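Here is the structure we will look at.
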Amino acid sequence: MGSGEDWSATEEEILMFSTFENRAIVSWDIVTRSDLHIGGRGSSGPSDVDLPVLRNNNDYPVIPGSSIKGVLRTELERLLRGCSVDVCTIPDVCYSSRWLSDNPERKGKEVDPCLVCQIFGSGGNSSPVRVRDATAAGKMTVVRDGVAIDRKTRKAAKGSKYDLEAVPKGTVFSGKVTVENCTLYGKEYARLGGLLSLVEFFNACAGTMGHSVSRGYGEVEINIKDISVISAEDYLNGKCSGTVYENGTTEYDEFVSLALDAWRACVSVKKE
């Protein structure tokens with residue numbers, strides 16, 4: 001791999017939660033650029049709507065953290081493969097039973113998950129990135145008619161009309177994500193940099209979540225508001241809010257640049 005550095009995972013990095021190094025808390029807004037539909041059981045929308053949106057117990061539409069994380073993880077898998085970096089694929093993540101059966105040479109050797117699993121977790125290793133649900137600022141929704149098309153006749157299928165509830169374009173969902181122990185392979189804030197670079201790419205050319213994307217739904221943009229970094233030393237000094245970097249400031253730009261450079265260094269060395 002070229003550099004002569006030891007790029008295997010250290011014991012502290014494998015035992016992700018055994019020691020607290022630092023924690024980054026990213027506050028972001030997810031803004032809908034088209035109508036968005038994310039449904040599920042327990043929705044408390046209008047009873048006459050066939051496909052209601054998912055809401056919390058206060059009746060505000062939500063985007064589940066698991067949905068956000070799933071979209072981002074899948075995108076990172078595709079990106080890194082495009083950069084000639086060997087990564088796993090859900091559901092056969094690193095060190096899952098299926099992965100181990102396909103990679104018997106890794107049994108009994110030092111645990112070293114792929115770069116995707118170093119951020120989003122793997123078999124037997126909890127995720128350093130924890131994405132919370134994003135909640136809409138308001139309760140307003142729209143109901144749109146839909147018709148299922150028979151692919152053979154290219155006409156409306158019998159009894160195929162349905163109503164779909166959606167969150168309208170321009171709705172702002174607010175949420176947070178935490179990143180535990182941001183250093184990766186000795187590169188400070190590289191793990192955070194991986195998340196930030198992924199958000200940049202998502203906004204530039206991916207940018208969709210939820211159902212019926214092929215029908216024009218689900219275009220979104222993720223806007224980071226600020227990043228708070230708390231270290232163990234901050235805790236000892238009574239500074240539990242840590243250091244806050246607000247988007248739009250010089251300090252934020254410098255900090256994000258440091259994290260992005262650290263992540264790119266990891267990707268460059270991990271290329272096949």
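As the structure is a computational prediction, the values presented were derived from the model and not from experiment.
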Item checked: Derivation and outcome, side chain to side chain contact (heavy atoms under 4.5 Å, CB included), residues V256 and I224 -> CA-CA 11 Å; V256 169; I224 295 177; over 6 Å; no

Measuring from atom [atom1] of [X] to atom [atom2] of [Y], what distance do you get when rounded to the nearest 0.5 angstrom?
X	Y	atom1	atom2	value
E233	N22	CD	CG	12.5 Å
I230	T243	CD1	OG1	8.5 Å
N56	D133	CG	CG	8.5 Å
N237	C240	CG	SG	10.0 Å
E77	L72	CD	CG	11.5 Å
S67	M209	OG	CE	8.5 Å

Are the side chains of [Y] and [X] in contact, using a 4.5 Å heavy-atom criterion?
X	Y	answer
V131	W28	yes
T141	R55	yes
I30	L36	no
V129	T178	no
L192	V26	yes
V93	R73	yes
D29	K225	yes
R33	V220	no

Please check this pair: side chain of [X] against backbone of [Y], looking for a donor-acceptor N/O pair closer than 3.5 Å.
X	Y	result
T249	Y252	yes
T74	G70	yes
N181	F20	no
S34	E219	yes
E165	V53	yes

Going only through I, L, V, M, F, W and Y residues with side-chain contacts under 4.5 Å, is there a path from [X] to [Y]?
X	Y	result
V213	V71	no
I227	V199	yes
L195	L258	yes
V31	F201	no
L79	I222	yes

Next item on the list: Show your working on side chain to side chain contact (heavy atoms under 4.5 Å, CB included) between I119 and L76 and close with a plain yes or no.
Entry: CA-CA 10 Å; I119 294 180; L76 185 59; 4.1 Å; yes

Within the 3.5 Å criterion, strictly below it, is a donor on [X] or [Y] matched to an acceptor on the partner's side chain?
X	Y	result
S231	K239	no
S212	R144	no
E21	T183	yes
Y245	E254	no

[X] to [Y] - nearest heavy-atom pair and separation:
X	Y	answer
I38	P64	CG2-CD, 3.9 Å
V85	K270	CG1-O, 3.9 Å
C94	C88	N-SG, 3.6 Å
A134	I68	CB-CD1, 4.1 Å
C266	L115	O-CD1, 4.2 Å
D35	P168	OD1-CA, 3.3 Å

Check: Picking from N58, V167, D59, what satisfies side-chain contact (heavy atoms from CB on, under 4.5 Å) with K139?
Finding: D59

Notebook entry, point to check: Relative to the ring of F255, is the ring of Y189 parallel (under 30°), tilted (30 to 60°) or perpendicular (over 60°)?
Noted result: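 Perpendicular, since the angle between the ring planes exceeds 60°.
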
Check: Would you say K69 has more than 12 foreign heavy atoms packed within less than 6.0 Å of its NZ?
Finding: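 Result for NZ/K69: enclosed.
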
Check: Counting only heavy atoms not in E246, do more than 12 sit closer than 6.0 Å to its CD atom?
Finding: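 At most 12 heavy atoms, drawn from other residues, nucleotides or ligands, come within 6.0 Å of this atom.
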
Note to self: Run Q118 and Y185 through side chain to side chain contact (heavy atoms under 4.5 Å, CB included) and show every step you take.
What the structure shows: CA-CA 10 Å; Q118 288 282 9; Y185 296 124; 3.2 Å; yes

Item checked: Stepwise side chain to side chain contact (heavy atoms under 4.5 Å, CB included) check, V267 with L80 -> CA-CA 8 Å; V267 174; L80 290 180; 4.0 Å; yes

